[in-house]
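This report refers to the structure that appears directly beneath it.
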Amino acid sequence: MHKTDFDAIVVGSGPNGLAAAITLQQAGLSVLVLEAKPTIGGGLRSAELTLPGFVHDVCSAIHPLAISSPFFRTLPLADHGLTYIEPPLAAAHPFDDGTAAILTRSLAETARSLGADESAYLDLFRPLMDQWPRIDADVLGPLRFPSHPIDFARFGLNALPPSTWLARRFKTKQARGLWAGMAAHSIQPLSNVATSAMGLVLMLSAHVGGWPLPRGGSQQIANALASYFCSLGGQIETNCYVTSLAQLPSAKAVLFDVTPRQLLQIAGHRFSALYQWQLKRYRYGMGVFKIDWALDGPVPFTAERCHQAGTVHLGNTLEEIAASEQWAARGHHPEKPYVLLAQQSRFDDTRAPAGKHTAWAYCHIPNGSEVDMTEAIEKQVERFAPGFHDRILARHTMNPAQMEAYNPNYIGGDINGGIIDIGQLFTRPALRWSPYRTSARGLYLCSSSTPPGGGVHGMCGYHAARRALKDVFGR
Ligand SMILES: Cc1cc2nc3c(=O)[nH]c(=O)nc-3n(C[C@H](O)[C@H](O)[C@H](O)COP(=O)(O)OP(=O)(O)OC[C@H]3O[C@@H](n4cnc5c(N)ncnc54)[C@H](O)[C@@H]3O)c2cc1C
């Protein structure tokens, strides 16, 4: 490791670490990023996990939050090699009867596909879409007095109820199922308060910016962020696992793209007793079991619309999805898990050899579980795509424990850096004036364990860096 001094050090090169590093470097500071693994990117890596020529997204795959991120959209990432591909449909949600609900860029087309719920969908989303450009930065940031309080309050009225409650606006199986699949991205029982927030943000982002995938894999987002950072003069070192502050070169500020448990191990001795107590109480959520497949052909979905969608949600009705999430949250392994599937190679020919395909899927199971969900997930895919099994050339699986071994931020397989429930939505990791500041001067948390939480948007890193700039550098 370099022994030269830096203005700031960022530990971890996930999207939030890179966003923090760019924000600081843009302000004219000298910044060093230290990454534990041989490659940068955290949840943005892509790799040939199965067979040569098949490029899989190891973690994140679909990027509505990145393309519409108030910070990322200010960066010249296209000039640094990033190209987004937008599938014709953002998402499809097939049912046992062979039909599918769809989510597209067009509000009207999505609403029309929901039949008798067309007007209910428009009544909910039309006003929210109108308000979204005025409130997106507040929704994707720490709790503070919003710049448009009335719009923000209106959004909150819809976002705070449990998603099962908001589902009462819809009467068709199609609209209720589609909604449940979106809300289940919150990785908690759908009856929990504020699970509507995730569903609304994801559906709004489809209508506003689409649900794209990066050409060449999610790694390309990390590569473009890193390339831009280095073009500003920033430095990155890989293979540098930080376990103690004593390892670091001197710097005026250190920002950690890690979760509270790791932060306590690295810097706990510098924190007040109260802050240590707060971090110890931080809660992690369910884990994920993930599969990547190399396929001999595309996933043979019965419902035609599924072939045009980047993401396909497999869980049938709202009732089935709610039961699966509830069962997993109670510590069990669902027989028919709610499965989130992406089919990148359908739209990006760099992902697989000609004529072959990749698919990516995961389901939610108890934190830390080592149970193999391969059969249960593949049965769900087969249910909506008969003949799928026969197309599998190779598979790569990761259970929650393996997820954590792969990325130390995924504690017990929790991909959001801590559960995003009402107690930890805006006040992650603890109730404080600034969630990014620790109790030790110059040390900051910038990972998804701070607001606005999980997902590839970089807003946690951006806000943490802004805090450090004000506190330490008077900018
Ligand atoms: C299976 C899966 C699917 C997902 N799908 C999506 C999706 O489709 N769309 C989406 O928006 N989001 C998705 N996510 C979530 C998204 O990847 C994360 O929310 C996001 O990556 C969090 O960013 P981060 O910068 O906070 O942390 P991370 O991306 O986890 O990065 C943290 C980095 O810090 C490094 N690090 C940790 N500890 C140390 C240390 N002590 N020393 C040095 N380096 C350290 C790690 O190696 C890692 O590189 C998914 C995640 C998973 C696992």
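Along the sequence shown, residues are numbered consecutively beginning with 1.
Across every non-hydrogen atom of Pro260 and Tyr282, the tightest pair is CG-CD2, 3.5 Å. The two atoms that bring Ile40 and Glu35 nearest to each other are CA-CG, 4.3 Å, heavy atoms only. Contact record, His357 with Ser345: ND1-OG, 2.7 Å, taken as the closest heavy-atom pair. A pairwise comparison of heavy atoms in Leu51 and Ala294 identifies CD1-CB, 4.0 Å as the closest pair. Heavy atoms only, all atoms of each residue included: Asp348 and Gly217 are closest at OD2-N, 4.2 Å. Contact detail for Pro353 and Pro52: the closest heavy-atom pair is CG-O, 4.4 Å.
In this structure, Lys37 contributes its side chain and Tyr406 its backbone to a donor-acceptor pair below 3.5 Å. Checking side-chain atoms of Ser68 against main-chain N and O of Pro64 turns up a donor-acceptor pair under 3.5 Å. Side-chain N or O atoms of Ser60 include one that pairs as donor or acceptor with a backbone N or O of Gly43 at under 3.5 Å. Distance alone, capped at 3.5 Å, places no donor-acceptor pair between the Glu378 side chain and the Glu375 backbone. Looking only at distances, no side-chain donor or acceptor of Tyr444 sits under 3.5 Å from a matching main-chain atom of Val254. In this structure a side-chain-to-backbone donor-acceptor pair under 3.5 Å is present from Asp414 to Gly285. Not one N or O on the side chain of Glu404 forms a donor-acceptor pair closer than 3.5 Å with the backbone of Gly368. At distances below 3.5 Å, at least one donor-acceptor pair connects side-chain atoms of Ser30 with backbone N or O atoms of Asp7. Of the possible polar contacts, none joining the Thr195 side chain to the Ala183 backbone as a donor-acceptor pair under 3.5 Å is found. A donor-acceptor pair is defined here as one N or O able to donate and one able to accept, closer than 3.5 Å; such a pair exists between the side chain of His207 and the backbone of Thr104.
A salt bridge between Asp5 and Lys252 is absent, with no side-chain N of the basic residue lying under 4.0 Å from a carboxylate O of the acidic one. A salt bridge links Asp292 with Lys290: the closest approach of a Lys/Arg side-chain nitrogen to an acidic carboxylate oxygen falls below 4.0 angstrom. Under a 4.0 Å N-O distance rule, the pair Arg144/Asp138 qualifies as a salt bridge. Under 4.0 Å is where a charged nitrogen must lie from a carboxylate oxygen, and between Arg428 and Asp421 no such pair does. By the 4.0 Å N-to-carboxylate-O rule, Arg73 lies close enough to Asp136 to be salt-bridged with it.
Contact check for Val258 versus Ser447: no side-chain heavy atoms found under the 4.5 Å cut-off. Counting heavy atoms from C-beta on, the side chains of His332 and Pro366 never come closer than 4.5 Å. Between Pro408 and Gln262 there is a side-chain heavy-atom pair separated by less than 4.5 Å. Contact check for Phe125 versus Leu200: side-chain heavy atoms found under the 4.5 Å cut-off. With contacts defined as side-chain heavy-atom distances shorter than 4.5 Å, the pair Pro429/Leu279 qualifies. Contact of the Thr397 side chain with the Phe289 side chain is registered, since non-hydrogen atoms from C-beta on lie closer than 4.5 Å. Looking at His333 and Met373, their side chains come closer than 4.5 Å, going by heavy atoms from C-beta outward. Tyr275 is listed as a side-chain neighbour of Thr438, based on a closest heavy-atom distance under 4.5 Å.
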Test log, rule side-chain contact (heavy atoms from CB on, under 4.5 Å), inputs Val139 and Phe152: CA-CA 8 Å; Val139 172; Phe152 191 78; 3.9 Å; yes

Worked check of side-chain contact (heavy atoms from CB on, under 4.5 Å) between Met182 and Leu103: CA-CA 10 Å; Met182 299 293 157; Leu103 175 69; 3.5 Å; yes

side-chain contact (heavy atoms from CB on, under 4.5 Å) evaluation trace for Leu295 with Leu393: CA-CA 5 Å; Leu295 301 172; Leu393 298 172; 5.7 Å; no

Derivation of the salt bridge (charged side-chain N to carboxylate O under 4.0 Å, His left out) call for Arg351 and Asp57: CA-CA 10 Å; Arg351 306 291 186 105; Asp57 291 322; 3.1 Å; yes

Verdict with reasoning, Glu325 to His364, per side-chain hydrogen bond (donor to acceptor under 3.5 Å, both in side chains): CA-CA 7 Å; Glu325 296 304 291; His364 307 145; 2.6 Å; yes

Pair Asn399-Ser369, side-chain hydrogen bond (donor to acceptor under 3.5 Å, both in side chains): steps then yes or no: CA-CA 7 Å; Asn399 65 30; Ser369 167; over 6 Å; no

Steps toward side-chain hydrogen bond (donor to acceptor under 3.5 Å, both in side chains) verdict (Tyr228, Gln25): CA-CA 10 Å; Tyr228 174 57; Gln25 192 74 40; over 6 Å; no

Val201/Phe155 under side-chain contact (heavy atoms from CB on, under 4.5 Å): CA gap, chis, key distance, verdict: CA-CA 10 Å; Val201 169; Phe155 176 81; 4.0 Å; yes

Verdict with reasoning, Thr39 to Arg45, per side-chain hydrogen bond (donor to acceptor under 3.5 Å, both in side chains): CA-CA 8 Å; Thr39 50; Arg45 297 192 189 98; 3.1 Å; yes

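Aromatic ring centres of Phe54 and Trp293 lie farther apart than the 6.0 Å criterion allows. Taking the six-membered ring for Trp, Tyr84 and His63 have ring centres at least 6.0 Å apart.
With values rounded to the nearest 0.5 angstrom, Thr164 atom OG1 is found 10.0 Å from Trp179 atom CH2. Distance check: Arg432 CZ to Thr427 OG1 gives 12.0 Å after rounding to the nearest 0.5 Å. Rounding to the nearest 0.5 Å places CD1 of Ile221 at 15.0 Å from NE2 of His80. Rounded to the nearest 0.5 Å, atoms CG (Leu248) and CD1 (Ile9) are 5.0 Å apart. Rounded to the nearest 0.5 Å, atoms CG (Leu445) and CG (Asp257) are 8.5 Å apart. To the nearest 0.5 Å, the span separating CZ on Arg215 from OG1 on Thr350 amounts to 5.5 Å.
Remark: the Ser46 side chain and the His56 side chain contain no N/O donor-acceptor pair separated by less than 3.5 Å. Tyr284 and Asn416 share no side-chain donor-acceptor pair at under 3.5 Å. Between the side chains of Tyr410 and Thr259, no donor-acceptor pair is found at a separation under 3.5 Å. In this model, no donor atom of one side chain and acceptor atom of the other lie less than 3.5 Å apart for Ser272 and Gln276.
Annotation for Arg281: atom CZ does not count as buried by contact number, only 12 or fewer foreign heavy atoms lying within 6.0 Å. Remark: Arg466 CZ is loosely packed, at most 12 non-hydrogen atoms of other residues, nucleotides or ligands lying under 6.0 Å away. Within 6.0 Å of CH2 in Trp327 there are 12 or fewer heavy atoms belonging to other residues, nucleotides or ligands. Within a 6.0 Å sphere centred on CD of Glu370, heavy atoms belonging to other residues, nucleotides or ligands number 12 at most.
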